[in-house]
Enquirer: 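Starting off with a structure, shown below.
Computed from a predicted model, the values in this text were never measured in an experiment.
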Amino acid sequence: MAELFYNIEIISFLENRNFEHFVFRNGCAYINSHEADEIIIEAPDNQIPDDRIRYIIDALYHLDDCIQKAHSWLEHISLKNDKWYPHALNQGFEVYGMYFGTYTYGHEPEPVTNGFTLSFKAAGEYFPCKFTVKFCRNDMHPFAVEEWLE
């Protein structure tokens with residue numbers, strides 16, 4: 001099992017450019033967090049760009065606020081008429097992962113934005129769908145929610 005770190009430790013690793021606890025593969029850096037589960041950081045050439053480190057630290061430092069903002073977008077999702085899982089979201093959502101880097105929004109390959117996402121799964125009961133809330137890098141406000149099958 002992969003080692004888990006608290007966000008305060010991950011912030012320290014990033015501030016000190018101590019990347020020994022990150023796993024680099026396929027152009028990304030991976031680390032596991034108690035608060036955010038798996039954190040994935042786009043890392044071209046197996047390096048986390050300096051300009052990305054500052055906003056990663058800021059987002060991790062304000063993670064609780066970002067989660068609260070994401071929940072305000074997720075609270076509108078209802079399964080009360082779902083045939084198989086009408087109660088799957090009764091216990092709310094829990095963080096399933098975090099991604100920092102570039103991504104698209106919508107169904108088109110353009111435009112691409114630079115920011116971060118928080119992914120969530122149903123807390124408690126099994127539900128096959130996951131939800132990703134996309135955030136703007138500059139103001140840490142959500143602008144989209146995507147639902148996807150695991």
Side-chain angles (χ1 to χ4, degrees), residues 1-77 79 88-89 91-150:
M1 180 165 188
E3 193 171 357
L4 284 170
F5 299 96
Y6 289 99
N7 282 353
I8 196 71
E9 294 174 295
I10 296 169
I11 289 169
S12 177
F13 298 156
L14 292 166
E15 286 176 334
N16 296 311
R17 308 305 195 260
N18 175 5
F19 303 123
E20 70 183 61
H21 298 288
F22 291 81
V23 174
F24 289 87
R25 69 176 184 276
N26 302 325
C28 291
Y30 299 80
I31 194 164
N32 292 306
S33 160
H34 285 282
E35 297 89 352
D37 203 19
E38 183 178 53
I39 297 174
I40 303 170
I41 302 167
E42 195 174 284
D45 301 319
N46 291 331
Q47 298 291 321
I48 300 173
D50 284 341
D51 67 327
R52 190 164 288 149
I53 289 174
R54 185 79 253 146
Y55 88 84
I56 294 169
I57 290 170
D58 200 27
L60 291 175
Y61 184 75
H62 294 97
L63 182 61
D64 289 340
D65 185 43
C66 292
I67 291 171
Q68 185 177 14
K69 289 176 187 176
H71 280 172
S72 70
W73 280 59
L74 295 170
E75 69 187 13
H76 302 291
I77 299 169
L79 297 177
L89 302 179
Q91 294 180 37
F93 297 90
E94 61 184 52
V95 178
Y96 183 66
M98 198 167 192
Y99 169 80
F100 294 91
T102 56
Y103 51 84
T104 61
Y105 50 95
H107 297 289
E108 300 298 321
E110 298 291 334
V112 173
T113 192
N114 192 3
F116 67 96
T117 67
L118 279 169
S119 294
F120 295 85
K121 62 183 178 179
E125 189 174 328
Y126 170 78
F127 184 59
C129 294
K130 306 294 184 252
F131 303 90
T132 297
V133 179
K134 296 181 175 185
F135 289 80
C136 292
R137 173 183 175 168
N138 58 347
D139 62 7
M140 290 192 291
H141 284 288
F143 66 86
V145 174
E146 292 181 352
E147 180 179 8
W148 49 281
L149 283 172
E150 182 178 47

Enquirer: Looking at CG of N7 and CD1 of I39, how far apart are the two atoms once the value is rounded to the nearest 0.5 Å?
Expert: 5.0 Å
Enquirer: How far does CG of L14 sit from CG of D50, to the nearest 0.5 angstrom?
Expert: 10.5 Å
Enquirer: Could you tell me which non-hydrogen atom of I11 sits nearest to which non-hydrogen atom of Y61, and how far apart they are?
Expert: CD1-N, 3.8 Å
Enquirer: What's the spacing between E35 CD and I8 CD1 if we round to 0.5 Å?
Expert: 9.0 Å
Enquirer: Does the side chain of M98 reach to within under 4.5 Å of the side chain of L60, using non-hydrogen atoms?
Expert: yes
Enquirer: Set out, in order, the CA-CA distance, both residues' side-chain angles and the distance that settles salt bridge (Lys or Arg N to Asp or Glu O under 4.0 Å) for D65 and K69, then state yes or no.
Expert: CA-CA 6 Å; D65 185 43; K69 289 176 187 176; 3.5 Å; yes
Enquirer: Show me, pair by pair, the donor-acceptor contacts under 3.5 angstrom made by side chains of residues 123-133, not counting sequence neighbours?
Expert:
residue, atom, partner, partner atom, Å
K130, NZ, E150, OE1, 3.2
T132, OG1, S119, OG, 2.8
T132, OG1, W148, NE1, 2.8

Enquirer: Calculate, to the nearest 0.5 Å, the distance between atoms OH and CZ belonging to Y55 and F135 respectively.
Expert: 12.5 Å
Enquirer: Does a donor on one side chain and an acceptor on the other come within less than 3.5 Å for E42 and Y99?
Expert: yes
Enquirer: When rounded to the nearest 0.5 angstrom, what is the spacing between NE2 in H21 and CD in E3?
Expert: 6.5 Å
Enquirer: Spell out, as yes or no, whether a donor-acceptor pair under 3.5 Å connects the side chain of N16 to the backbone of N18.
Expert: no
Enquirer: Using the rule given for side chain to side chain contact (heavy atoms under 4.5 Å, CB included), can you reason through L89 versus L74, listing the C-alpha separation, both sets of side-chain angles and the distance that settles it, and then say yes or no?
Expert: CA-CA 10 Å; L89 302 179; L74 295 170; over 6 Å; no
Enquirer: Identify the two heavy atoms, one from A29 and one from F22, that lie closest to each other, and give their separation to 0.1 Å.
Expert: CB-CD2, 4.0 Å
Enquirer: Just verifying a value: how many Å separate I57 CD1 and F100 CZ, rounded to the nearest 0.5 Å?
Expert: 10.0 Å
Enquirer: Can you name the closest pair of heavy atoms from M140 and C66 and give their distance?
Expert: SD-SG, 4.1 Å
Enquirer: Is any side-chain heavy atom of F24 less than 4.5 Å from a side-chain heavy atom of I48?
Expert: yes
Enquirer: Do F13 and E20 have side chains that approach each other closer than 4.5 Å (heavy atoms only, starting at C-beta)?
Expert: no
Enquirer: Determine the interplanar angle of the F120 and H71 rings, folded into 0 to 90°, and report it as parallel if under 30°, tilted if 30 to 60°, perpendicular if over 60°.
Expert: tilted
Enquirer: What do the steps show when you test L63 against L118 for side chain to side chain contact (heavy atoms under 4.5 Å, CB included), and what is the final call?
Expert: CA-CA 10 Å; L63 182 61; L118 279 169; 3.9 Å; yes
Enquirer: Measure the shortest side-chain to side-chain distance between I77 and E147 over non-hydrogen atoms and say whether it is less than 4.5 angstrom.
Expert: no
Enquirer: Counting heavy atoms not belonging to D45, are there more than 12 under 6.0 Å from its CG?
Expert: no
